[in-house]
Structures are given as C-alpha cells and as structure tokens.
Amino acid sequence: GAINMLGLAKRRKAKIFQASTSEVYGDPTIHPQVEEYWGNVNPIGIRSCYDEGKRCAETLFFDYHRQHKLQIKVARIFNTYGPRMHPNDGRVVSNFIMQALRGEPITLYGEGLQTRSFCYVDDLVEGFIRLMATGDEVTGPINLGNPGEFTIKALAEMVVAQTGSASKITYQPLPSDDPKQRQPDISKARALLDDWQPTIALEQGLARTIVYFDGLLKSGLA
Ligand code: UDP
C-alpha cells in the first residue's frame with residue numbers, strides 16, 4: 001500500500017502523509033520515547049507484521065524523499081480514542097466502555113500495570129493539520145500523542161467509575177510482546193507545530209466517548 005501511494009505521489013508531485021505509529025518503538029527500553037530512539041521490536045512475534053510493516057513504510061517514505069525529493073510528512077501516532085471508534089475493534093478503550101455499559105466483566109490483560117498514554121481524537125487531528133501546513137523541510141518522523149500516562153488498571157477503574165457500572169474486573173493472560181510502557185515525548189511537535197499539545201484530558205475525553213457508545217447501544221447500533 002505504502003509503495004503504491006508513494007508512486008502515485010511521485011507522479012502527481014503531491015505531498016504525502018504517513019500515519020505511522022508508536023509501535024515502531026516496540027517494547028521500548030527508553031522512556032518517554034523520543035523520535036531518535038530506534039525501537040525494540042521482535043521481528044517474528046505476533047505483533048510484528050504491524051510493527052515491521054510500519055517501520056518498512058517509514059523506510060520507503062524516507063527513500064522516496066531522498067531519491068525523488070518527495071515531500072513527506074511522517075507522524076508517529078500514539079494510542080488514540082474518541083467518538084466513532086468501532087465498538088468491536090478490540091482495543092482497550094472501546095472494549096472497556098462497551099463491557100462497562102453492558103454490565104459485562106472488564107477484561108484486563110496481565111496485571112494491568114502496563115501503561116499507555118491516550119490521546120483524544122480531536123487533539124490528534126489538530127496535530128495532523130498543523131503538520132501538513134509545515135514547510136517542506138519538516139518531514140518528521142514526529143510523535144503525536146498525549147503525554148498523560150496511565151496504567152491499564154487505572155483506565156479500567158476510571159471507566160467503571162464514570163459509567164457507574166456494576167462490572168467487575170477479570171484478569172486474562174497478557175498477549176505476548178505487549179509493550180510494558182508507552183509515553184510520547186512531544187518536544188518536537190511542540191517546537192515544530194506552533195506549540196501543539198493535547199488539550200483534552202483522559203477523564204474529559206472518556207466522558208465524551210462513553211456518551212457516544214451509550215448512544216450506539218440505545219439506538220441498537222451496537
Ligand atoms: N488490553 C486489556 N484489555 C482489553 C484490551 C486491551 O487489558 O480488553 C490491554 C492490552 O494488553 C494493552 C493495552 O490494553 O496492554 C492497550 O491495548 P490496545 O490493543 O488498545 O493498544 P496497543 O497495545 O496497541 O497499545
């Protein structure tokens with residue numbers, strides 16, 4: 001997909017954006033993650049096709065930039081959530097909210113001590129818009145995410161509290177290669193994107209997301 005789009009951008013002389021990911025850092029050994037960090041990715045694990053696929057796509061973007069002077073904008077997106085997520089996409093925010101609203105057990109993988117930093121969708125989109133408006137010299141890769149870091153257990157407790165649910169937490173096995181910690185260093189984004197930083201705290205964004213999923217359930221759409 002990436003190489004086809006790069007070919008198209010080259011022919012049309014278009015600026016091209018890559019939605020890359022914090023997964024390029026794998027299970028990171030430095031914290032928070034800066035763009036200069038090369039990552040710690042298992043090349044043959046169950047997550048590898050995604051992680052290595054995105055890493056390969058970044059390589060291709062930079063090869064096209066060097067070889068064909070293509071204008072590229074590479075964003076490394078950290079965990080993002082918000083209204084219009086798919087209720088069954090299997091990710092933690094949608095899982096926990098749907099489980100809490102249905103009164104089902106909350107499925108916490110491992111001990112829930114692994115961390116993630118959750119960015120509200122509108123903040124992320126604002127970052128994209130600012131990145132696309134930068135001069136040609138700004139290629140990225142540039143971290144976009146909310147530096148507010150939470151354990152998954154804290155997220156589960158927050159969702160239960162905000163929904164007023166009677167759901168209880170059940171512990172399930174941690175999938176292999178699940179990163180233990182993740183937090184973006186957004187210094188680069190702040191410096192290059194007109195002091196961009198997230199404005200919606202997790203509590204606030206979760207409340208809006210709960211309203212959305214509740215609406216889906218009440219209208220029979222989930
Ligand atoms: N997770 C969990 N219960 C779920 C879904 C996910 O405890 O029902 C955990 C998962 O093991 C991971 C974290 O929540 O540690 C974030 O998972 P997600 O798939 O949303 O994002 P990613 O792992 O890609 O950051």
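On a predicted model such as this, the values are computed, not experimentally measured, just so you know. When a residue number appears, it is its place in the shown sequence, counting from 1. Remember, it's 1-based here, ligands and their atoms both numbered in the order they're listed.
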Is the Y81 ring parallel, tilted or perpendicular to the Y120 ring (thresholds 30°, 60°)?
perpendicular
So which heavy atom in the protein is nearest atom 24 (O) of ligand 1, and how far is it from that ligand atom?
R47 NH2, 3.1 Å
Would you say R182 touches ligand 1, if touching means a heavy atom closer than 4.0 Å?
yes
Tell me whether I186 is reachable from V34 by hopping between hydrophobic residues (I, L, V, M, F, W, Y) whose side-chain heavy atoms are closer than 4.5 Å.
no
Should you measure from each heavy atom of N95, which atoms of ligand 1 turn up under 4.0 Å away?
4 (C), 5 (C), 8 (O)
Which of E58, Q33, E35 passes side chain to side chain donor-acceptor pair (under 3.5 Å) with R76? Answer is E58
For the backbone of N88 and the side chain of H86, can you confirm whether one donor and one acceptor N or O come within less than 3.5 Å of each other?
yes
Run the numbers for me: atoms of ligand 1, each under 4.0 Å from some heavy atom of L108, listed by number.
7 (O)
Numbering the atoms of ligand 1 from 1, which are under 4.0 Å from a heavy atom of Q114?
9 (C), 11 (O), 15 (O)
What is the closest protein heavy atom to atom 18 (P) of ligand 1, and at what distance does it sit?
V92 N, 4.0 Å
Determine whether a donor-acceptor pair (N or O, by modelled atom type, separation under 3.5 Å) exists between the side chain of E23 and the backbone of Y50.
no
Decide if the gap between the ring center of F150 and the ring center of F118 is smaller than 6.0 angstrom.
no
Of all the atoms in ligand 1, which lie at a distance below 4.0 Å from a heavy atom belonging to I152?
7 (O), 13 (C), 14 (O)
Hydrophobic cluster identity match, Y64 and V138, side-chain contacts under 4.5 Å:
no
Which value, rounded to the nearest 0.5 Å, describes the distance between D177 atom CG and S48 atom OG?
6.5 Å
For atom 7 (O) of ligand 1, find the nearest protein heavy atom and state the residue, atom name and distance (0.1 Å precision).
Y109 N, 2.8 Å
Quick one: does Q99 get a heavy atom under 4.0 Å from ligand 1?
no
Do any nitrogen or oxygen atoms of G90 lie less than 3.5 angstrom from nitrogen or oxygen atoms of ligand 1?
no
Report, as yes or no, whether the 6.0 Å neighbourhood of atom NZ on K15 holds more than 12 heavy atoms from other residues, nucleotides or ligands.
yes
I need the atoms of ligand 1 closer than 4.0 Å to a non-hydrogen atom of N79, numbered in the order shown.
21 (O), 22 (P), 25 (O)
Should you measure from each heavy atom of T107, which atoms of ligand 1 turn up under 4.0 Å away?
2 (C), 3 (N), 4 (C), 7 (O), 8 (O)
Sub-4.0 Å atoms of ligand 1 with respect to non-hydrogen atoms of D178
10 (C), 11 (O), 12 (C), 15 (O)
Please work out whether any backbone atom (N, CA, C, O) or any side-chain heavy atom from C-beta onward of Q172 is under 4.0 Å from ligand 1, and answer side chain, backbone, both or neither.
neither
Using a strict 4.0 Å cut-off to heavy atoms of E23, name the atoms of ligand 1 that fall inside it.
24 (O)
Restricting to pairs with a member in residues 111-129, which pass salt bridge (charged side-chain N to carboxylate O under 4.0 Å, His left out), not counting sequence neighbours?
R116-D178, E126-R130
